[in-house]
Protein chains: 2
Amino acid sequence: MARETAKRRADLREKLIDIAEAEIRENGMASLRARGLAEQAGCAVGAIYNVFEDLTGLILAVNGRTFHRMGSEVSATVEDVNAPAVERLIAIANGYLHFATANPNLWRALFEVEMSTQADVPDWYIEELGRLFTIISLPLAELYPDADLSDLDLRTRTLFSSVHGIVLLGTEQRISGVPLERIEQQIAFLLRSIAGE
Amino acid sequence: MARETAKRRADLREKLIDIAEAEIRENGMASLRARGLAEQAGCAVGAIYNVFEDLTGLILAVNGRTFHRMGSEVSATVEDVNAPAVERLIAIANGYLHFATANPNLWRALFEVEMSTQADVPDWYIEELGRLFTIISLPLAELYPDADLSDLDLRTRTLFSSVHGIVLLGTEQRISGVPLERIEQQIAFLLRSIAGE
DNA sequence: GGGTATGTTGAACGCCGTTCAAAGGAGTGC
DNA sequence: GCACTCCTTTGAACGGCGTTCAACATACCC
């Protein structure tokens, strides 16, 4: 493939991710349309399929950005490594909550995209998740000094899933969820309980 | 409307719910097709829209059955009211987990169906949820004898959301979830922590 | 039995994601 | 600069979707 072609494709790829990201942010994953993307990008519908496998591939690319940004923002909330472990856990969870409420549609897209098998989870996803889990497991290790690595991993997953459940049902404003204005308080309650406070 | 017509419609309604339930159970909500339903029911596609607002209405009817069945099964797991409160909570959560793993597609449909606004949540949904929340709040009230009703409601939601999160990510086998075979153990860990054990 | 109101039907509509034959442009040799 | 080839891009077309509604069938009333 010629150099110029490669550049044109790379440009189109970025442009499409930009447009898709804006669309998902504003109207949610479900309102992505191949024709709409093509029109905004000033290309043919078929061109999308020259740079992405299908629309799911494009959504995954958007999710890559979202996940990375989320990791950075969550990390930033626990910079004070001298705070007690449980306070750092609460800060991480609040960072997660804050990201979800600030970017509801992009955040939901992270979980709504179909991952047909466990095999086709992209590498960047595993890496980003590992980063997030490491951030969580550091304070956890202080709370459970006797736990081995696999125990820590398990508890990290349990904690993450719990907080995720509260944030998910709460921010969706499901009638089964915690009211928005109480989520922070309830997450703190949950984490303090787990920490034995 | 003539009696005969009413009966014919009621019959078709039940028949369609049966067919849709089987389809969702076996292949998930996303594989429901108006034409497929009509063919299996032996009616015209348009007939579906004589007895349901749209396919979402049909899915909601299936969800009504599912939710009711889930309530019964979860209730049945806490018949021994003499067990310690925390053990009853664990039993309820395990009932929830068991229902979700035994009926993955039907269970997921409960949460995947779009409820555009908070206003159009059906009455039966609110009622069933109330039943489930009552079951949870009874043991909780024993653990927190000083909490008032709104506090109990809040903690019920927090607990439910947490367990839901663990069950959701775990049963979907998300790489962020708790491994299937450890879910029960981790739910017990979480609930015992909250109970202060 | 005839006339009207009501119920049912399925072809048609307007979408959708995706494809692929055809048109266009880039690279190469002279 | 030109002609030829090969690769890229294009957008009309395809198959499938949920939903509608004019035409047809049926039930009901007098």
Side-chain angles (χ1 to χ4, degrees), chain A residues 1-24 26-63 105 109 112-116 120, chain B residues 1-24 26-63 105 109 112-116 120:
Chain A
M1 173 154 41
R3 274 195 73 250
E4 193 168 337
T5 298
K7 188 190 179 313
R8 209 174 335 118
R9 288 200 172 186
D11 286 350
L12 179 61
R13 204 185 140 85
E14 287 308 302
K15 198 173 190 177
L16 284 171
I17 299 176
D18 286 342
I19 295 169
E21 185 178 9
E23 180 61 33
I24 294 176
E26 282 157 38
N27 302 111
M29 203 181 88
S31 71
L32 267 198
R33 303 278 170 255
R35 286 164 181 82
L37 289 163
E39 194 179 1
Q40 284 189 66
C43 69
V45 279
I48 297 169
Y49 297 87
N50 291 334
V51 288
F52 291 104
E53 180 71 16
D54 51 26
L55 287 194
T56 300
L58 172 52
I59 294 171
L60 279 178
V62 173
N63 282 356
N105 289 329
E112 280 177 3
V113 71
E114 47 183 276
M115 304 236 198
S116 37
D120 51 29
Chain B
M1 174 155 40
R3 276 196 72 251
E4 195 170 335
T5 298
K7 188 191 180 312
R8 206 175 337 118
R9 287 198 173 185
D11 286 351
L12 179 60
R13 203 185 142 86
E14 287 309 300
K15 198 173 188 176
L16 283 172
I17 299 176
D18 286 344
I19 296 169
E21 184 178 11
E23 180 61 33
I24 295 176
E26 282 157 38
N27 302 112
M29 204 181 86
S31 72
L32 267 199
R33 303 278 171 255
R35 287 164 180 80
L37 289 163
E39 192 179 2
Q40 284 189 67
C43 69
V45 277
I48 297 169
Y49 297 86
N50 292 334
V51 288
F52 290 103
E53 180 72 14
D54 51 25
L55 286 195
T56 300
L58 173 53
I59 294 171
L60 278 178
V62 173
N63 282 357
N105 289 330
E112 281 178 3
V113 71
E114 48 183 275
M115 305 235 198
S116 37
D120 51 31

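Quantities reported herein were computed from a predicted structural model and do not represent experimental measurements. Chain naming here is simple, since letters A, B, ... match the order of the sequence lines and numbering starts at 1 in each.
- Separating the CG atom in L58(A) from the CD atom in E21(A) is a distance of 10.5 Å, to the nearest 0.5 Å.
- For D54(B), the side chain to side chain contact (heavy atoms under 4.5 Å, CB included) criterion is met by Y49(B), T56(B), not counting sequence neighbours.
- Partners of N50(A) according to the side-chain hydrogen bond (donor to acceptor under 3.5 Å, both in side chains) rule, which considers only residues two or more places apart in sequence or in another chain, do not exist here.
- Distance, M29(B) CE to dG18(D) P: 12 Å, rounded to whole Å.
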Donor-acceptor pairs under 3.5 angstrom involving side-chain atoms of residues 27-46 of chain A: please list them, not counting sequence neighbours.
from, atom 1, to, atom 2, distance (Å)
S31(A), OG, E23(A), OE2, 2.9
S31(A), OG, N27(A), O, 3.4
S31(A), OG, G28(A), O, 3.1
R33(A), NH1, A30(A), O, 3.2
R33(A), NH2, A30(A), O, 3.4

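- Here dC16(C) presents its C1' atom at 13 Å from CG of L37(A), a figure rounded to the nearest Å.
- The interatomic distance linking I48(A) (CD1) with dT10(D) (C1') rounds to 12 Å, in whole Å.
- Projected onto DNA chain D by closest heavy-atom contact, A34(B) and L12(A) fall at different nucleotides, the more 5' of which corresponds to L12(A).
- As a whole-Å value, the separation of F52(A) CZ from dG17(C) C1' is 16 Å.
- Considering CG of L12(B) and CG of L16(B), their distance stands at 4.0 Å, rounded to 0.5 Å.
- Partners of D11(A) under the side-chain hydrogen bond (donor to acceptor under 3.5 Å, both in side chains) rule, at least two apart in sequence or in another chain, are K7(A).
- Between K7(A) atom NZ and dG25(C) atom P there is a gap of 18 Å when expressed in whole angstrom units.
- In this entry the distance linking CZ of R8(A) with P of dT10(D) reads 8 Å, nearest Å.
- Here L32(B) lies in heavy-atom contact (under 4.0 Å) with sugar-phosphate atoms only.
- Taking atom CG on L55(B) and atom P on dG16(D), their separation rounds to 18 Å, with Å as the unit.
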TODO: Determine, stepwise, if the pair F52(A) / I17(A) fulfils side chain to side chain contact (heavy atoms under 4.5 Å, CB included).
DONE: CA-CA 10 Å; F52(A) 291 104; I17(A) 299 176; 3.7 Å; yes
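- The CG atom of D54(A) sits 11 Å away from the P atom of dG17(C) (whole-angstrom rounding).
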Sub-3.5 Å pairs of nitrogen or oxygen atoms, protein against nucleotides 11-15 of chain D:
from, atom 1, to, atom 2, distance (Å)
dA13(D), N6, R35(A), NH2, 3.4

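- Using a 4.0 Å heavy-atom distance criterion, N50(B) is classed as a base contact.
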